[in-house]
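Single-structure report; data block below.
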2 protein chains.
Amino acid sequence: METTRDKLINATFDEVFSHGYQGASLSDILAKAGVHKGSMYHFFANKKEMALAAIEETVLNRNIEKYRYVETYTGGLLEEFYTRLRDTSERDFKRGCPIANIVQEMSNIDEEFNVLMQSIYGEFRSNVKAIFDKAVTVGEMKPCDTTKLALFTTSTIEGAILSAKATGNAQDYVDVIEELITHIEGKR
Amino acid sequence: METTRDKLINATFDEVFSHGYQGASLSDILAKAGVHKGSMYHFFANKKEMALAAIEETVLNRNIEKYRYVETYTGGLLEEFYTRLRDTSERDFKRGCPIANIVQEMSNIDEEFNVLMQSIYGEFRSNVKAIFDKAVTVGEMKPCDTTKLALFTTSTIEGAILSAKATGNAQDYVDVIEELITHIEGKR
DNA sequence: ACTAAAATTGACTGATTAGTCAAGTGCTTT
DNA sequence: AAAGCACTTGACTAATCAGTCAATTTTAGT
């Protein structure tokens, strides 16, 4: 069952993803969630705390499943990584990447957002690094500076999503990803 | 001499760069510019038109100089491109890339912003493509799909700036750029 | 069934928002 | 010097913003 708090978290994440934090209207969130203002202030101190909770919890939940395969998978780890990278079915190129959006909008404005996004972004990077590290361990890849490769990979992925958002053309994402994969393959 | 309109354009660009379009306060812009509200509405129909003008004109002015070297330069074009890429002295990693910021914030919200950013982003890409094209022409680089290489390059640059903004570490930008240059060098 | 706590309701506040406008200033042209 | 136009001034409006709160209902524990 979706509790009142869940409704608020989901509506907030969606609204912030669409309009940014500053552009997110509290009344719109409440209308979307079907929750009254007083109820919201019962669960959250203010708009900011609710938004921070929405981002943290939503991203956390998604990532738990997203990178589970790395631990269980034994063979063809990089291929699996590529396949997931190529998969555009769950990407929303109109809205872009929720993490990147918030980083761009809030990192230099608000310290609490900055801290949260630093942690989320760092986690993203270390998840990718873990894939490369494992690929090296199991012999799928020659030893290399996986920290820098993960930084390069995550940066390029975010850039690819941005390009597709800027042009309105999902193919841009695909093209960048293919070139990125070629680059990573050069390390084998 | 800095006209009233110039003051408004500059203050608007700076304020939008810092706080985003939606987060930009008209009163703050006016205070920063030292211009009264009525004056502003004499030059611009509304906040949005002023912001669009500020972005377009500022970016236009900067790009006119930024890529002039491509036409005049004859030898070591790629090296010059790398040097400029490596130069972080004019980058503001706290605020990130003004273009990317606006794309992220506004492309999916407002059609006028979308059109403008699509044009600016397209120009960025074709400027980079022109460098690779010329490099191929003068024999600095083997013939290749310069359209896709330019897409990859611009995407990765934007991703690099985002990474540095997310972590607050300018070195991230430098590291990504070095890997990017290595990748481009592979095409020679 | 009774009590207490948790959750909900919705009207209200004060601040801030973008935008309007009538009156006034000052430069330019004749 | 007179007229006309570009520009400036700052008070004003209406809407929206986040946030408050006392009263009420619902739920849970005994």
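Chain letters run A, B, ... following the sequence lines, proteins first, then strands; residues in each count from 1. As the structure is a prediction and not an experimental result, all values here were calculated from the model.
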Salt bridge (Lys or Arg N to Asp or Glu O under 4.0 Å) pairs, two or more places apart, involving residues 56-69 of chain B: B:Arg5-B:Glu57
Which residues share a side-chain hydrogen bond (donor to acceptor under 3.5 Å, both in side chains) with B:Asp92, sequence neighbours left out: B:Arg95
Check against salt bridge (Lys or Arg N to Asp or Glu O under 4.0 Å), A:Glu179 and B:Lys148: CA-CA 8 Å; A:Glu179 186 99 18; B:Lys148 281 190 181 170; over 6 Å; no
Contact interval (first through last nucleotide) of DNA chain C with protein chain B, 4.0 Å heavy-atom: C:dT17 to C:dC21
CA sep, side-chain torsions, deciding dist, call: B:Lys134, B:Glu140, salt bridge (Lys or Arg N to Asp or Glu O under 4.0 Å): CA-CA 8 Å; B:Lys134 184 152 190 176; B:Glu140 283 188 26; over 6 Å; no
Where A:Val136 and A:Pro143 come nearest, the two heavy atoms and their spacing: CG1-CA, 3.9 Å
Distance flag, aromatic centroids of B:Phe152 and A:His183, threshold under 6.0 Å: no
Partners meeting salt bridge (Lys or Arg N to Asp or Glu O under 4.0 Å) with B:Lys129 (sequence neighbours left out): B:Asp133
Salt bridge (Lys or Arg N to Asp or Glu O under 4.0 Å) contacts in which one or both residues fall within residues 153-172 of chain A, not counting sequence neighbours: A:Asp172-B:Arg125
Co-members of the apolar cluster containing A:Val138 [side chain, <4.5 Å]: none
Pairing residues for B:Lys37 by the salt bridge (Lys or Arg N to Asp or Glu O under 4.0 Å) criterion, not counting sequence neighbours: none
Partner residues of B:Arg84 under the side chain to side chain contact (heavy atoms under 4.5 Å, CB included) criterion, sequence neighbours left out: B:Tyr69, B:Glu80
Partners meeting side chain to side chain contact (heavy atoms under 4.5 Å, CB included) with B:Val115 (sequence neighbours left out): B:Glu111
Contact list for DNA chain D against residues 21-39 of chain B - heavy-atom distance below 4.0 Å: B:His36, B:Gly38, B:Ser39
For DNA chain C, the residues among residues 2-12 of chain A that have a non-hydrogen atom under 4.0 Å from it: A:Thr4
Boundaries of the DNA chain D segment in contact with chain A, non-hydrogen, under 4.0 Å: D:dC17 to D:dC21
